[in-house]
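Fair warning: this is a prediction, and the values are worked out from it, not measured in the lab.
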Amino acid sequence: MDEQDLLERIQSLVEEEHRLRDAAVGGGIEDDVDGDGSRARLAQLEAQLDQCWDLLRQRRAKKHAGENPDDAEPRPISEVEGYRQ
């Protein structure tokens with residue numbers, strides 16, 4: 001996956017996240033205990049976004065260091081989610 005593909009994937013995930021959040025404003029997703037799976041899907045989207053952003057940062061760092069950005073690989077979500085902000 002090259003940088004453009006990654007950016008398109010991120011954009012797609014962000015758009016879906018926004019649609020879910022917009023729908024939640026009127027539907028009370030915060031109170032939803034996965035009745036329609038919205039809360040679970042939002043959590044999944046957030047994790048996937050973190051993973052994509054991490055991969056993009058890896059690719060850019062490798063390129064900046066004169067290495068091949070294609071050598072960057074997605075890290076497991078469990079690892080990416082454990083990073084300190």
A.B. asks: Can you find a heavy atom in the side chain of L42 that is under 4.5 Å from one in the side chain of E17?
C.D. replies: yes
A.B. asks: How far does CD of E15 sit from CG of D22, to the nearest 0.5 angstrom?
C.D. replies: 11.5 Å
A.B. asks: Tell me the closest heavy-atom pair linking S38 and L20, and the distance in Å.
C.D. replies: OG-CD2, 4.2 Å
A.B. asks: Between R21 and E46 (salt bridge meaning N to carboxylate O under 4.0 Å), is one present in this structure?
C.D. replies: yes
A.B. asks: Minimum heavy-atom separation for P74 and L55, please, with both atom names.
C.D. replies: N-CD1, 3.8 Å
A.B. asks: Taking the side chain as every heavy atom from C-beta outward, state whether D50 and I77 have any pair of such atoms under 4.5 Å apart.
C.D. replies: no
A.B. asks: Tell me which one of D54, V80, L13 satisfies side chain to side chain contact (heavy atoms under 4.5 Å, CB included) with L49.
C.D. replies: L13
A.B. asks: Taking atom CD of Q48 and atom CD of Q51, what is their separation to the nearest 0.5 Å?
C.D. replies: 7.5 Å
A.B. asks: Can you check whether L56's main-chain N or O pairs, donor with acceptor, with E3's side chain at less than 3.5 Å?
C.D. replies: no
A.B. asks: Testing the basics here: between P69 and K62, what is the closest heavy-atom pair and its distance to 0.1 Å?
C.D. replies: CA-CB, 4.0 Å
A.B. asks: Any sub-3.5 Å donor-acceptor pair from Q58's side-chain atoms to E73's backbone N or O?
C.D. replies: yes
A.B. asks: Is the closest side-chain heavy-atom distance between R57 and R60 below 4.5 Å?
C.D. replies: no
A.B. asks: Quick one: does R59's side chain get under 4.5 Å of D70's, heavy atoms only?
C.D. replies: yes
